[in-house]
Amino acid sequence: MGVGEEPSDVFAARRRKLESLRAAGIEPFPHAFDHVEPIAAVRAQHASLTPGEETTAAHRVAGRLAARRGQGKMAFLDLVDRSGRIQLQARVDELGPERMEQLLSLDLGDLLGIDGIAFVSRRGELTLRITDYRVLAKSLRPPPEKHHGLTDVETRHRHRELDLIANEDARELFMTRARVISAIRRFLDSEGFIEVETPVLQPLYGGAAARPFTTHHNALDRDLYLRIATELYLKRLIVGGLERVYELGKDFRNEGIDSTHNPEFTMLEWYEAYADYLDVADRCERLVAHVASEVGYAGPIDLSSPWRRQTLAEAILDRTGVDILRFRDRGTLAAEMRARGLAVPEEDTWPQLVDELLSKHVEPALIEPTFLLDYPVELSPFAKRHRAVDGLAERFEAYIGGLEIANAFTELNDPDEQRRRFEQQRALAGAGDLEAQPYDEAFLAALEQGMPPTGGIGIGIDRLVMVLTGTRSIREVVLFPAMRD
RNA sequence: GCCGCCGUAGCUCAGCUGGCAGAGCAGCGGACUUUUAAUCCGAAGGUCGUGGGUUCGAUCCCCACCGGCGGCACCA
C-alpha cells in the first residue's frame, strides 16, 4: 500500500475539486503570496488576550489546512505552518455564501493563504476571523490521520514529507538539528577556526577504518572513492598554515546499517595547530555544552563541562577486572579473559580483544559524558605515540548515553613514523583486513613538509543530535535514511 | 549474513490455529452560527506485501521472495 499506489476515489475527489476550482476561475497553483507572518509571531502578539476578547488586528498567515470543525454558516479550521498551529473562523456573514462554500469544500492538506482579524474564542483559543483567503496549492493526496498522525516507521522514513506534515515532533526535531549545526559553526568560527571544503570524491580514501564506496569518473576513466573521513586533507591544510580548520559534511562508509550507523552520515572534524588531545578534549566538552545550551537541551544527561575522564585501561579494569596493560600480547590477554569467564573470539588479535572488552563491557555503561583516554597504538594509525606510556597512543573517544560521539588524537606529525604505520597497515591489508589504511604518498609528502604539533577530532553529528533530542535510532535524526528499494 | 517479530481501506487499528473482510478518522451526500479528536443521519471505500503450496474452502496453515523493526555477527 502507500504513497505510490493507484488513486482510489479519495484521490479522484481531490482531482474533481482541482478541476472545479479551475472552472470557477481560481488558479489552484498561484506563484506567490506576499507578507506572510509566522503563526508563532501572531500568537506572540496576542499572548495577553483573555477569553472572548476581540481585536482589530489584521494578520496574514499561510500554511496547510489541518482540521475542520463545523459546516454550513460557520466553521472553525486549523492552519499549520512551520512555527505552529492557529485556529481560523469562517463565517458566511463575513465571506458570503459562495466564498464560504468554496472554502469549506477545500480538502485537509490544501495550502492556504489567510487574511483575518485576531480574537480569542470563548474557550480561550486565539483565532483569526477570516476576511479573505486564497488557495496557494491544491493537495491531491490525503494527509495522514489527524489524531494518531503517521506512525508507520517505514512510511515516515521513506516519505519524510508526510512525517513532517503529520508530526509536530518530527518538525521540531529537524529544526533542532539545524540549530545544532549552526551553533557548532558559530562556536568554531568564534574560536578562530575557518570552515573549509575538501574533496568528497577521492583518488585514495583514508583517515578511518572503514570500507569505502567506489565510483567512476568517465572523462578521467578512473575509479574514485567517496570519502570515509576528511582527516588527511585537513591535516594537509594544517601543513599549509591555516592553523585552525574545520569541515562539516558527509562521510560515506560501506558498512551495515543499524540504529547507530547510516552509510552516509554527517561528520565534524577540526584540527588545531600547537594543541594536543587534551586541549581538544577541553574544546570538545565546551562545544557540546555550548550547543546543548543554545538549543535548550533539557534531557536527563548532564552535558556541562568538565566531563569525566578515565583511561581506556582503567575503564576496562573497572568493568571486567582485566588489566590490559599487564597482558600485552594476544596469548596472555586471552588467557586472562578466559580466567575471568569472558568470551574470547578465536580470530581476534590483541587490539581486537581490547576492542571487544571495550565495546561489550565498557561502552554501554558510559551514559554520562566520558572521555576514554589512551588507546593501543595498533588501533590508531594516525595518532601520536603516548608521551609517557609505551604501546599507547594519545587518543581519546568521547561517549554519551552509551554512544561513541567523538574520536580524537594528538596527531602524528613525524613523517617517518607515519610511513612505518602505513607499512603496518599494508601488512594488515595483505592479511585480508579490508579496512586497512591505503598507503597515501601525498599525505606523507605533506608531513615531510613539516606539520606543527596538532590536535584533531571527529564528532559524529547524527549521534550528537540523537543525544540532544533523546532519540534512539539514527534514522530518526537523518531526514532520508538509507532504505532498501 | 543468521535468528525472531511484523506487513489488512488514503491514515490508525481489530479480525477466535480455516467458512462471503470490520471499526474509527479522512473522503462522498445531507442537518447544524462558538467548535477544540465537534455532533447526528445516509451511502461508499479492499490484489488482506508478492508468488507458490495444502484444503471443498486460506487474511488465517506450509514454503519462497520483497519490505520494515529488533537482536546477533560485522562495523565507528
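Convention: sequence-line order gives letters A, B, ...; per-chain numbering from 1.
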- Task: Taking the side chain as every heavy atom from C-beta outward, state whether A/Leu287 and A/Leu268 have any pair of such atoms under 4.5 Å apart.
- Result: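 They are in contact (side-chain heavy atoms under 4.5 Å apart), so the answer is yes.
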Quick one: [X] [atom1] to [N] [atom2], roughly how many Å, whole number?
X: A/Leu150; N: B/G68; atom1: CG; atom2: C1'; value: 14 Å
X: A/Gln89; N: B/U36; atom1: CD; atom2: C1'; value: 13 Å
X: A/Leu104; N: B/U33; atom1: CG; atom2: P; value: 12 Å
X: A/Glu397; N: B/C75; atom1: CD; atom2: P; value: 14 Å
X: A/Glu154; N: B/G70; atom1: CD; atom2: C1'; value: 15 Å
X: A/Leu77; N: B/A37; atom1: CG; atom2: P; value: 15 Å
X: A/Met74; N: B/U33; atom1: CE; atom2: P; value: 9 Å
X: A/Glu54; N: B/U34; atom1: CD; atom2: P; value: 15 Å

Quick one: do the [X] and [Y] side chains pair a donor with an acceptor below 3.5 Å?
X: A/Thr410; Y: A/Glu394; answer: yes
X: A/Glu269; Y: A/Thr230; answer: yes
X: A/Glu476; Y: A/Ser473; answer: no

Sugar-phosphate, base or nothing in reach of [X], heavy atoms under 4.0 Å:
X: A/Gly149; result: sugar-phosphate
X: A/Ala210; result: sugar-phosphate
X: A/Glu363; result: base
X: A/Asp152; result: sugar-phosphate
X: A/Arg158; result: sugar-phosphate

Between [N] and [M], how far apart are the two [atom1] atoms, rounded to whole Å?
N: B/C65; M: B/C2; atom1: P; result: 9 Å
N: B/C20; M: B/G29; atom1: C1'; result: 28 Å
N: B/A44; M: B/C5; atom1: C1'; result: 35 Å
N: B/G42; M: B/G27; atom1: C1'; result: 14 Å
N: B/C48; M: B/C25; atom1: P; result: 25 Å
N: B/U59; M: B/A9; atom1: P; result: 14 Å
N: B/A43; M: B/G49; atom1: C1'; result: 30 Å
N: B/U47; M: B/G51; atom1: C1'; result: 12 Å

For the backbone of [Y] and the side chain of [X], can you confirm whether one donor and one acceptor N or O come within less than 3.5 Å of each other?
X: A/Arg68; Y: A/Leu106; result: yes
X: A/Gln418; Y: A/Pro381; result: yes
X: A/Arg463; Y: A/Ala406; result: no
X: A/Ser83; Y: A/Asp81; result: no
X: A/Thr55; Y: A/Ala118; result: yes
X: A/Asp163; Y: A/His157; result: no

Looking at RNA chain B, which of [range] put a heavy atom within less than 4.0 Å of it?
range: residues 468-483 of chain A; result: A/Arg475, A/Met483
range: residues 115-127 of chain A; result: A/Ser121, A/Arg122, A/Arg123, A/Glu125
range: residues 248-267 of chain A; result: A/Arg253, A/Glu255, A/His261
range: residues 355-362 of chain A; result: A/Lys360

Any-strand Watson-Crick or G-U partner of [N], both distances under 3.5 Å:
N: B/U34; answer: none
N: B/C5; answer: B/G68
N: B/G45; answer: none
N: B/G10; answer: B/C25
N: B/C61; answer: B/G53

- Do A/Arg91 and B/U34 share a donor-acceptor pair, side chain to base, under 3.5 Å? yes
- Pick the nucleotide of RNA chain B nearest each of A/Ala67 and A/Gln87; which residue has the one closer to the 5' end? A/Gln87
Among the candidates [options], find the nucleotide nearest to the side-chain atoms of [X].
X: A/Thr151; options: B/U35, B/C69, B/C13; result: B/C13
X: A/Phe11; options: B/G10, B/C11, B/G67; result: B/G10
X: A/Asp93; options: B/U34, B/U12, B/U33; result: B/U33

- Message: Is it the case that atom CZ in A/Arg158 sees more than 12 heavy atoms from other parts of the structure closer than 6.0 Å?
- Response: yes
- Message: Would you say that more than 12 heavy atoms from the other residues, nucleotides or ligands in this model lie under 6.0 Å from the CD of A/Glu101, or not?
- Response: no
- Item | Stacked cation flag A/Arg129 on A/Phe119, 6.0 angstrom / 45 deg | yes
- Item | Within 45° cone of A/Tyr375 ring axis and under 6.0 Å: A/Arg395 NZ or CZ |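 Yes - A/Arg395 lies over the ring of A/Tyr375, closer than 6.0 Å to its centre and within 45° of its axis.
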- Phosphate OP1/OP2 of B/A38: any A/Arg69 side-chain N/O under 4.0 Å: yes
- Are any of A/Arg484's side-chain N or O atoms less than 4.0 Å away from OP1 or OP2 of B/G68?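 The answer is yes; a side-chain N or O of A/Arg484 sits under 4.0 Å from OP1 or OP2.
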Can a salt bridge be assigned to the pair [X] and [Y] using a cut-off of 4.0 Å between side-chain N and carboxylate O?
X: A/Glu125; Y: A/Arg43; answer: yes
X: A/Glu19; Y: A/Arg16; answer: no
X: A/Asp78; Y: A/Arg69; answer: yes
X: A/Arg85; Y: A/Glu168; answer: no

- Task: Applying salt bridge (charged side-chain N to carboxylate O under 4.0 Å, His left out), name anything that partners A/Arg82, two or more places apart in sequence or on another chain.
- Result: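 So A/Arg82 forms no salt bridge (charged side-chain N to carboxylate O under 4.0 Å, His left out) with any residue.
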- Let me know which of A/Phe396, A/Tyr399, A/Tyr277 forms a ring-ring contact (aromatic ring centres under 6.0 Å, His included) with A/Phe371.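 When ring-ring contact (aromatic ring centres under 6.0 Å, His included) is applied between A/Phe371 and each of A/Phe396, A/Tyr399, A/Tyr277, only A/Phe396 qualifies.
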- Message: Output one letter per nucleotide in nucleotides 23-32 of chain B: B when a protein non-hydrogen atom lies under 4.0 Å from the base, S when only the sugar-phosphate is that close, - when neither is.
- Response: -BBSSS--BB
